[in-house]
Asker: 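Below is a structure I'd like to ask you about.
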Amino acid sequence: MTVAVVGCGVIGRSWIRVFTRAGYPVRVFDVSPRAVEQALAWHAEAAARDGRGGTVPQGASTLAEALGGATWVQESGPETLPAKQALYAELDQGAPPEAILASSTSTLDMTEIARGLRGAGRCVVAHPVNPPHVVPAVDLLGGVATEPEVLARATDFLRAVGQTPVVLRRYVPGFLLNRMQAALVREAISLLDAGVADADAIDAVIRDGLGLRWALMGPFGVANTNADGGVREYFTRYGASFRWLMDDLGGTPSFDAATIERIGAGVDAMYPGVSHEDLRAWRDRMVERITTLKADDRP
Ligand SMILES: NC(=O)c1ccc[n+]([C@@H]2O[C@H](COP(=O)([O-])OP(=O)(O)OC[C@H]3O[C@@H](n4cnc5c(N)ncnc54)[C@H](O)[C@@H]3O)[C@@H](O)[C@H]2O)c1
């Protein structure tokens, strides 16, 4: 298996580390040679820091060079439908017939990206959480033309490189991850806008409350452990309360300047004197430690 990483900005460079530490040969292409240079330098630092070894990625000066012999192509170019369609036409033309063409797209439908391509059957969305070398979940789905065998191979490959593919049976905007996130962010902003609590209290209820359990189990798994008789008893007993609450939830926020400023001021007050860079590094470090702990102690 050889991997081609096409587009190596924030997401592409992190994917490089996923594939190299799993032992795969990786070739990296970007329309900007400077982006390739920066991604390879970023990768060298990340590999030195995590100490997990792996292969050394190679830069490619043309797309054809990156695609030669590839069995997995991870596309992480710009997020517009015309850009993805143009890039996919090139990938389908240049990649070996057995290669799977996986897109990191956050929002787009593979049915549209791959429409009319001869190799539409081998195209999948593999949408990561940022940054994928730290957070393993990947939304995985095809378009209408994607072959089931390709999805099965993609699932196996993503597992083999240490990610957690979550398979969707069809396209919905936001896939699984951003849809669930949007449901929660909508309510967080609604509560802030309505003056019910300040930003720190709203974040704290996740960070020191729900989020602690959510690092281990999802909403159904948590519900299962919340009643002595398990999830059936829990939702039978509390279903009516949940429905009453769900009917009361806030609507879609406007994201106007005043709301964004209120969120900004709230976040500034949460982390006084800590740089944005340090905060991100701390987040990634802690997520890696939590992931290791989870692997060490399974139920
Ligand atoms: N940033 C995130 O949080 C996030 C999370 C998940 C998925 N994604 C998705 O990942 C993809 C990349 O996002 P990003 O944040 O890394 O963007 P980015 O702007 O950091 O990187 C995009 C890279 O693509 C390169 N590029 C442009 N046209 C190209 C072409 N024709 N061939 C090869 N390379 C080309 C650019 O030079 C740039 O280096 C998008 O589809 C985005 O929706 C982003």
Side-chain angles (χ1 to χ4, degrees), residues 3-19 26-43 46 57-68 70 72-95 99-114 117 123-143 154 158 161 163-166 168 171-182 185 276-277 279-281 283-284 287:
V3 176
V5 168
V6 177
C8 58
V10 172
I11 289 298
R13 72 181 183 205
S14 172
W15 271 120
I16 299 172
R17 188 64 192 131
V18 170
F19 302 126
V26 178
R27 280 198 295 265
V28 182
F29 175 75
D30 195 292
V31 281
S32 153
R34 175 132 180 78
V36 175
E37 244 171 62
Q38 285 174 335
L40 294 179
W42 176 90
H43 175 275
Q58 307 295 318
S61 46
T62 62
L63 181 60
E65 185 189 337
L67 296 177
W72 181 273
V73 179
Q74 187 70 45
E75 175 275 321
S76 305
E79 182 73 0
T80 68
L81 184 58
K84 294 280 191 225
Q85 285 172 327
L87 191 45
Y88 259 70
E90 287 187 74
L91 298 180
D92 193 33
Q93 187 95 46
I100 290 178
L101 310 181
S103 175
S104 299
T105 181
S106 308
T107 55
L108 300 168
D109 183 352
M110 189 45 78
T111 299
E112 302 301 329
I113 295 176
L117 292 187
C123 298
V124 298
V125 168
H127 165 246
V129 186
N130 184 28
H133 74 292
V134 174
V135 185
V138 178
D139 285 309
L140 178 65
L141 65 154
L158 287 169
V161 297
Q163 303 301 102
T164 307
V166 291
L168 281 75
Y171 172 80
V172 284
F175 311 133
L176 283 192
L177 188 120
N178 279 327
R179 243 184 134 78
M180 305 275 281
Q181 179 164 242
V185 170
H276 191 59
E277 201 173 74
L279 205 51
R280 286 224 295 217
R283 178 198 70 177
D284 290 356
V287 170

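Read the numbers this way: they start at 1 and go in the same order the structure lists the ligands and their atoms. The figures here come from the full heavy-atom set of this structure, side chains too, leaving out hydrogens, waters and symmetry mates.
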Asker: Looking only at heavy atoms, is any part of I11 under 4.0 Å from ligand 1, and if so is it the side chain, the backbone, or both, or is it neither?
Answerer: both
Asker: My understanding is that only one of L158, V26, V5 makes a side-chain contact (heavy atoms from CB on, under 4.5 Å) with W72; could you say which?
Answerer: L158
Asker: Looking only at distance, does D30 have an N or O less than 3.5 Å from an N or O of ligand 1?
Answerer: yes
Asker: Taking side chain as C-beta onward, heavy atoms only, is L140 less than 4.5 Å from V124?
Answerer: yes
Asker: Among protein heavy atoms, which sits nearest to atom 9 (C) of ligand 1, and what does the distance come to when rounded to 0.1 Å?
Answerer: S104 O, 3.3 Å
Asker: Would you call F29 and V36 a side-chain contact if the rule is heavy atoms closer than 4.5 Å?
Answerer: no
Asker: Ignoring angles and geometry beyond distance, decide whether V10 reaches within less than 3.5 Å of ligand 1 through its nitrogen or oxygen atoms.
Answerer: yes
Asker: If you count the non-hydrogen atoms of other residues, nucleotides and ligands that lie under 6.0 Å from CD in Q93, is the total more than 12?
Answerer: no
Asker: Among protein heavy atoms, which sits nearest to atom 8 (N) of ligand 1, and what does the distance come to when rounded to 0.1 Å?
Answerer: S106 OG, 3.2 Å
Asker: Going by heavy-atom distance to atom 27 (C) of ligand 1, choose the closest among P78, P128, P131, G77.
Answerer: P78
Asker: Any protein heavy atom sitting closer than 4.0 Å to atom 19 (O) of ligand 1?
Answerer: no
Asker: Under a 4.0 Å threshold between the charged nitrogen and the carboxylate oxygen, would K84 count as salt-bridged to E112?
Answerer: no
Asker: Among all protein heavy atoms, pick out the one at the shortest distance from atom 21 (O) of ligand 1; state its residue, atom name and that distance to 0.1 Å.
Answerer: G9 CA, 3.4 Å
Asker: So for atom CZ, which belongs to R280, do other residues, nucleotides or ligands contribute more than 12 heavy atoms lying within a distance under 6.0 Å?
Answerer: no
Asker: Could you tell me the residue and atom name of the protein heavy atom closest to atom 30 (C) of ligand 1, and the distance to it rounded to 0.1 Å?
Answerer: V31 CG1, 3.5 Å
Asker: Which atoms of ligand 1 have any heavy atom of N130 under 4.0 Å away?
Answerer: 3 (O)
Asker: Does any N or O atom in H127 lie less than 3.5 angstrom from one in ligand 1, N or O only?
Answerer: no
Asker: Quick one: do the Q74 and S104 side chains pair a donor with an acceptor below 3.5 Å?
Answerer: yes
Asker: Within the structure, does E79 bring an N/O atom to less than 3.5 angstrom of an N/O atom in ligand 1?
Answerer: yes
Asker: I'd like to check Q38 versus R34 (side-chain heavy atoms, cut-off strictly below 4.5 Å). Are they in contact?
Answerer: yes
Asker: Hey, would you say the H127 and W15 ring centroids sit under 6.0 Å apart?
Answerer: no
Asker: Just need the protein heavy atom nearest to atom 22 (C) of ligand 1, so name the residue and atom and give the distance.
Answerer: S76 O, 3.6 Å
Asker: With a 4.0 Å cut-off on heavy atoms, does K84 reach ligand 1?
Answerer: yes
